[in-house]
Amino acid sequence: MLDDRARSLLKTLVERYIADGQPVGSRTLSKASGLELSPATIRNVMSDLEDAGLIISPHTSAGRIPTARGYRLFVDTMLTARPLDLAGGAPEFAAARGQLQPDQPQRVIAQAAQLLSNLSSFVGVVTAPRKASVFRHVEFMRLGDKRVLVILVAPDGDVQNRVLFTAHDYSQGELIEATNFLNAHYANLSLEEVRERLQGEVEVLRGEIGVLMHAAVQAGSEALAENEDQVIVSGERNLLGVQDFGHDMGSLRKLFDLFEQKTQLMRLLDTSSRAEGVRIYIGGESRVVPYEELSVVSAPYEVDGHVVGTLGVIGPTRMAYDRMIQIVDITSKLVGNALSQR
């Protein structure tokens, strides 16, 4: 446990390093902390903080910089981020409210990723809203040559189309009959519930209807799987200007591979979606983005009271965490509001 003096000096050191990007020396700490301590006392405290793994001395510099562990302690116990409401806040947040137009979910999340990047000057990431595995309406249309178009309409109005290749060449009359039967008996059930009922009712259903329904369920499941893989990334090039690793081509190459493949990002954001409020991963803590120079600030967003996705900012460990928390928190509320208006 740190005493009040050590905590005060660590807080000052972290804040100065975030602001200036330069190792902080004893003289600077003495002036900035407001504590009436001798240089020798400050050096002793700095030595204790270094022994505790909270700060390090880079290269031959006389100053110190925070470690990931130091940032963690700072964020957990010393940081105070002022909450903002959607009606107020800084002008940039008020302007952001008008940028997210609730016309299409895909456009909203793309706009949100760009907004996060612009406000943070780092990388913005947003996962696409997870769809409920429920259909409100299904329709089959004959395309000819044993091809059928199945149209699945979700409760929120989202439409998925799939072309089915069938063993039997259905007439449009048969497809209309199947459409009417399925909408009368299975609408507003989840795809999993439909799948289970089909197994129990296979002898009751006419063969054609059973085959078409199985095909429709499979098409709906595939559409959901494709949707859940979507993550939008914006502002990757902003990291080229970050002094912490802007000249380390090896690290940058790994980062751009991460943003390109997106699988690791999906796992990280999926974990974040199960947390309440803003979550912060510092210096590889997530084990999903295992880079000591990076931090992730993320939060889930809700539609009509249900968590449907996650968004966040990825940047250097030397970031203004109080501001990033505000950016992520307010954007999650803006996205939720925009999508709930549909």
Side-chain angles (χ1 to χ4, degrees), residues 100-109 112 126-143 147-168 170-231 266 269-270 273-274 300-311 332-333 335-342:
L100 302 180
Q101 299 300 319
D103 49 0
Q104 298 177 5
Q106 194 67 24
R107 181 176 295 183
V108 170
I109 65 171
V126 186
T127 62
R130 289 191 295 273
K131 296 293 183 183
S133 58
V134 176
F135 73 87
R136 185 183 68 199
H137 179 81
V138 63
E139 186 171 348
F140 297 104
M141 295 183 62
R142 186 177 186 275
L143 298 178
R147 292 184 302 135
V148 174
L149 177 67
V150 57
I151 304 170
L152 293 164
V153 183
D156 65 357
D158 185 65
V159 178
Q160 295 288 343
N161 300 320
R162 286 291 186 278
V163 176
L164 305 179
F165 295 88
T166 61
H168 174 73
Y170 294 100
S171 69
Q172 186 59 40
E174 290 176 313
L175 296 178
I176 291 173
E177 181 185 356
T179 294
N180 293 337
F181 180 87
L182 297 175
N183 286 323
H185 293 85
Y186 294 94
N188 297 317
L189 295 178
S190 71
L191 294 178
E192 194 57 41
E193 289 174 317
V194 173
R195 198 190 307 272
E196 292 177 0
R197 284 185 55 175
L198 282 174
Q199 292 175 349
E201 299 174 2
V202 66
E203 294 183 1
V204 178
L205 299 174
R206 281 182 45 194
E208 295 86 353
I209 291 177
V211 170
L212 286 173
M213 194 61 224
H214 276 291
V217 169
Q218 182 62 29
S221 298
E222 291 172 358
L224 285 170
E226 290 177 8
N227 180 77
E228 288 181 354
D229 285 340
Q230 293 182 359
V231 55
M266 282 299 300
L269 294 173
D270 182 60
S273 71
R274 296 191 289 272
Y301 63 89
E302 299 181 354
V303 174
D304 299 325
H306 301 284
V307 172
V308 298
T310 316
L311 53 78
S332 71
K333 292 181 173 63
V335 170
N337 283 1
L339 294 177
S340 294
Q341 293 173 26
R342 295 183 67 246

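For reference, positions follow the sequence shown, starting with 1.
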Could you grab the distance from atom CD1 of Ile176 to atom CE of Met141, nearest 0.5 Å is fine?
-> 9.5 Å
Between Pro300 and Ser332, what is the shortest heavy-atom contact and its length?
-> O-CB, 3.6 Å
Taking atom CG of Asn161 and atom CD of Glu139, what is their separation to the nearest 0.5 Å?
-> 10.0 Å
Measure the spacing between CG of Asn180 and NE2 of His185 and express it to the nearest 0.5 Å.
-> 11.0 Å
For Arg142 and Gln172, the nearest pair of non-hydrogen atoms, with its separation, is N-OE1, 2.9 Å
In terms of heavy-atom contacts, Arg147 and Thr166 come closest through N-OG1, 4.5 Å
Determine the minimum heavy-atom distance between Ile109 and Pro129, stating which atoms define it.
-> CG2-CD, 3.8 Å
Which one of Leu339, Val307, Val335, Val308 satisfies the side-chain contact (heavy atoms from CB on, under 4.5 Å) criterion with Glu302?
-> Val307
OG1 on Thr127 to OH on Tyr301, rounded to 0.5 Å | 4.5 Å
Scanning both residues in full, the closest heavy-atom pair of Asn183 with His137 reads ND2-CE1, 3.1 Å
Working to the nearest 0.5 Å, report the span between CD1 of Ile151 and CZ of Phe140.
-> 10.0 Å
Straight-line distance of Lys333 NZ to Ser340 OG, nearest 0.5 Å = 13.0 Å
